[in-house]
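Here's the structure we're looking at; comments come further down.
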Amino acid sequence: MSAMRAVAFSPSNQWYDKIQTHFSNHPNRAINTNPHLQFNNTTQNQSNRRNLFPCFSTDASKTPNPPTPLTITSSPLVVVGSANADIYVEIDRLPKEGETISAKNGQTLAGGKGANQAACGGKLSYPTYFVGQVGEDAHGKLITEALQSGGVHLDHLSAVSAAPTGHAVVMLQSDGQNSIIIVGGANMHCWPEKLSDEDLEVVRNAGIVLLQREIPESVNTQVAKFVDQNAAGRSKAAKSAGVPVILDAGGMEAPISQELLNFVDILSPNETELRRLTGMPTESFEQISHAVVKFHKMGVKQVLVKLGSKGSALFVEGEEPIKQSVISAAKVLDTTGAGDTFTASFAVALVEGKSKRECLRFAAAAASLCVQVKGAIPSMPERKSVLNLLQSH
């Protein structure tokens, strides 16, 4: 097992990680680090129809960020979730019923809430693993290349032959607001009844786990329950430290099951999702506070609410809410992925041991940078940019 060097990316003492020697947790498993996917016909594990992506060919014209390696003191961010091809259409307004309008522009970019959050962790230079599924198609290749370029470990990204890659139609209006329609594809189909030992092993070693609602709830429940059961077997000190499970409430409209909520440490809805899930108004901060109490009563101790242009707030049961105002963007081009950037940035700051208030501020800065660039994954900011913005505010 060879020693490597982990680079400290932060110029600020507040967010500084020392250069340390690190080793791979899986010496016999190679991490793909080349940007261009080439499919082959090798058959693997036909019983569950899931194939790990085989290999990448080298292309010297592109220089993706290498996956951030684990250090002795770091436990990875593990994202279990969706990956979509986002089909963008830029329009002045939404079409009315029965109306056909022309788009000013259109393009296809990598996205999906899970992939977005994983890419955000990777671009923030924190070791990040993604557990998800794509189809054996061009959209799958697009997503894989984007995640690889973002520095995400792809050992646990699988290709399935029986479903296409998930995709979404993103209708982007001139003010930066968007409306999105999702087609689940491989995100919602062909998951094994039980995740593989390899996938569960990376979850076992996580420092923090991020889930969303664009994959089957049974998968989310299995992962969250596994984290809880794994913690139960630890020492008292390790169990009290715990591995936080954050559930982003975005995705399917159905209520969240009590079984899943039992194993969630932090629920993160936006105000629209909070209103839909609780059936309560969320127009004022007081109303939002009352709606959050409903989740406290269901066992979720912390609720992180994204409030768009009004900022964010973290509600911890029995404590006063912590509010964070928005960090204004020079120009809002596209809000797609802003919520995912916020949630993933909060998770990175939390696993790095920052205070809750510092986590909110770090996430607000990352989201501010995100909305100034079109596309979800392309808009995820690098750590240096976030730190520079924080230093100027």
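These numbers come from the heavy atoms of this one structure, side chains and all, not from hydrogens, waters or symmetry mates. What you see is a predicted model; the values in this text were computed from it and never measured.
Under the rule for a side chain to side chain donor-acceptor pair (under 3.5 Å), Asn220 has no partner lying at least two apart in sequence or in another chain. Under the side chain to side chain donor-acceptor pair (under 3.5 Å) criterion, Glu259 pairs with Lys225, not counting sequence neighbours. With sequence neighbours excluded, the residues satisfying ring pair (Phe, Tyr, Trp, His ring centres under 6.0 Å) with Phe315 are Phe285. For Ser82, the side chain to side chain donor-acceptor pair (under 3.5 Å) partners are Glu214, not counting sequence neighbours. Under the side chain to side chain donor-acceptor pair (under 3.5 Å) criterion, Arg357 pairs with no residue, sequence neighbours left out.
A salt bridge between Lys104 and Glu90 is absent, with no side-chain N of the basic residue lying under 4.0 Å from a carboxylate O of the acidic one. Ion pair Glu271/Lys310 flagged as a salt bridge, since at least one NZ, NE, NH1 or NH2 atom sits closer than 4.0 Å to an Asp/Glu carboxylate oxygen.
The two atoms that bring Pro192 and Gln133 nearest to each other are CD-OE1, 4.0 Å, heavy atoms only. Nearest heavy atom pair, residue Cys120 against residue Met380, reads CB-SD, 3.7 Å. Met298 and Gln258 get closest at one heavy-atom pair: O-NE2, 2.8 Å. Annotation for Ala110 and Ala376: closest pair O-CB, 4.3 Å, computed over non-hydrogen atoms. Heavy-atom minimum distance, Ala224 versus Val245: CB-CG1, 4.2 Å. Considering all non-hydrogen atoms of both residues, Leu94 and Ser179 come closest at CD1-OG, 3.7 Å.
Panel note: side chain Ser392, backbone Leu389; a donor-acceptor pair is recorded below 3.5 Å. Distance alone, capped at 3.5 Å, is enough to place a donor-acceptor pair between the Asn270 side chain and the Thr272 backbone. Under the 3.5 Å distance criterion, the side-chain polar atoms of Ser368 are left unmatched by any main-chain donor or acceptor of Ala364. For the pair Asp334 (side chain) and Gly375 (backbone), a donor-acceptor distance under 3.5 Å is present. Checked by atom type and distance alone, the side chain of Lys297 never pairs as donor or acceptor with a backbone atom of Phe295 at under 3.5 Å. In this structure a side-chain-to-backbone donor-acceptor pair under 3.5 Å is missing from Glu382 to Leu124. Distance alone, capped at 3.5 Å, places no donor-acceptor pair between the Ser268 side chain and the Asp248 backbone.
Applying the 4.5 Å side-chain rule to ILVMFWY residues, one finds Leu109, Val170, Leu172, Ile180, Ile182 in the same cluster as Tyr88.
Put simply, CD on Glu319 and CG on Leu314 are 8.5 Å apart, with the number rounded to the nearest 0.5 Å. To the nearest 0.5 Å, atoms NZ (Lys294) and NE2 (His296) are separated by 14.0 Å. Atoms OG and CG, on Ser174 and Leu333 in that order, are 11.0 Å from each other to the nearest 0.5 Å. Remark: Ser149 OG to Ile377 CD1 distance equals 9.5 Å, nearest 0.5 Å. The distance from atom CG of Asn205 to atom OH of Tyr129, rounded to the nearest 0.5 Å, is 8.5 Å. To the nearest 0.5 Å, atoms CD (Gln177) and CE (Met171) are separated by 13.5 Å.
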>> Determine whether Glu198 and Glu201 satisfy the following criterion, side-chain contact (heavy atoms from CB on, under 4.5 Å), listing intermediate values before the conclusion.
In response: CA-CA 5 Å; Glu198 291 81 5; Glu201 182 65 20; 5.6 Å; no
>> Assess the residue pair Val131 and Val79 against the criterion (side-chain contact (heavy atoms from CB on, under 4.5 Å)); give the C-alpha distance rounded to whole Å, side-chain angles, the decisive distance to 0.1 Å, and a yes or no.
In response: CA-CA 6 Å; Val131 180; Val79 182; over 6 Å; no
>> Quick one, Met188 with Met252, criterion side-chain contact (heavy atoms from CB on, under 4.5 Å). Give me CA distance, side-chain angles, the key distance, then yes/no.
In response: CA-CA 11 Å; Met188 294 301 297; Met252 63 182 71; 4.1 Å; yes
>> Pair Arg361, Glu358 - check salt bridge (charged side-chain N to carboxylate O under 4.0 Å, His left out), show working.
In response: CA-CA 5 Å; Arg361 189 164 177 264; Glu358 288 174 326; over 6 Å; no
>> Set out, in order, the CA-CA distance, both residues' side-chain angles and the distance that settles side-chain contact (heavy atoms from CB on, under 4.5 Å) for Asp265 and Lys301, then state yes or no.
In response: CA-CA 6 Å; Asp265 296 286; Lys301 303 298 183 184; over 6 Å; no
> Given the rule in the side-chain hydrogen bond (donor to acceptor under 3.5 Å, both in side chains) test, do Thr335 and Asn178 qualify, once you have shown the distances and angles that lead to the verdict?
Replying inline: CA-CA 7 Å; Thr335 58; Asn178 62 71; 2.9 Å; yes
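Under the 4.5 Å side-chain heavy-atom criterion for Ile, Leu, Val, Met, Phe, Trp and Tyr, Ile288 and Val326 are members of distinct hydrophobic clusters. Note: the hydrophobic cluster containing Val202 also contains Phe226 (ILVMFWY, side chain heavy atoms under 4.5 Å, direct or indirect links). Transitive grouping of hydrophobic side chains (ILVMFWY, heavy atoms separated by less than 4.5 Å) brings Leu211 and Val243 into a common cluster. One hydrophobic cluster, built from ILVMFWY side chains closer than 4.5 Å, holds both Ile266 and Ile322. No chain of hydrophobic side-chain contacts below 4.5 Å, direct or via other Ile, Leu, Val, Met, Phe, Trp or Tyr residues, connects Met280 to Val305.
Using a 4.5 Å heavy-atom cutoff, the side chains of Lys123 and Arg383 are not in contact. For the pair Ile101/Arg93, a side-chain contact is recorded, criterion being any heavy-atom separation below 4.5 Å from C-beta on. In this structure, the side chains of Ile208 and Ile246 come closer than 4.5 Å at one or more pairs of heavy atoms. Looking at Gln372 and Val332, their side chains never come closer than 4.5 Å, going by heavy atoms from C-beta outward. Within the 4.5 Å cutoff, the side chain of Thr108 has heavy atoms near those of the Leu142 side chain. Between Lys306 and Thr343, the closest side-chain pair of non-hydrogen atoms falls below 4.5 Å. Residues Thr128 and Gln117 form no side-chain contact, since every pair of their non-hydrogen atoms from C-beta on lies 4.5 Å or further apart. In this structure the side chain of Leu267 never reaches within 4.5 angstrom of the side chain of Leu304, judged on heavy atoms.
Side-chain polar atoms of Lys323 and Ser312 form no donor-acceptor pair below 3.5 angstrom. Inspection of the Asp137 and Thr165 side chains reveals an N or O donor paired with an N or O acceptor under 3.5 Å.
The aromatic rings of His139 and His167 sit tilted, their planes meeting at an angle between 30° and 60°.
Residue Glu99 qualifies as enclosed at atom CD: its count of foreign heavy atoms under 6.0 Å is above 12.
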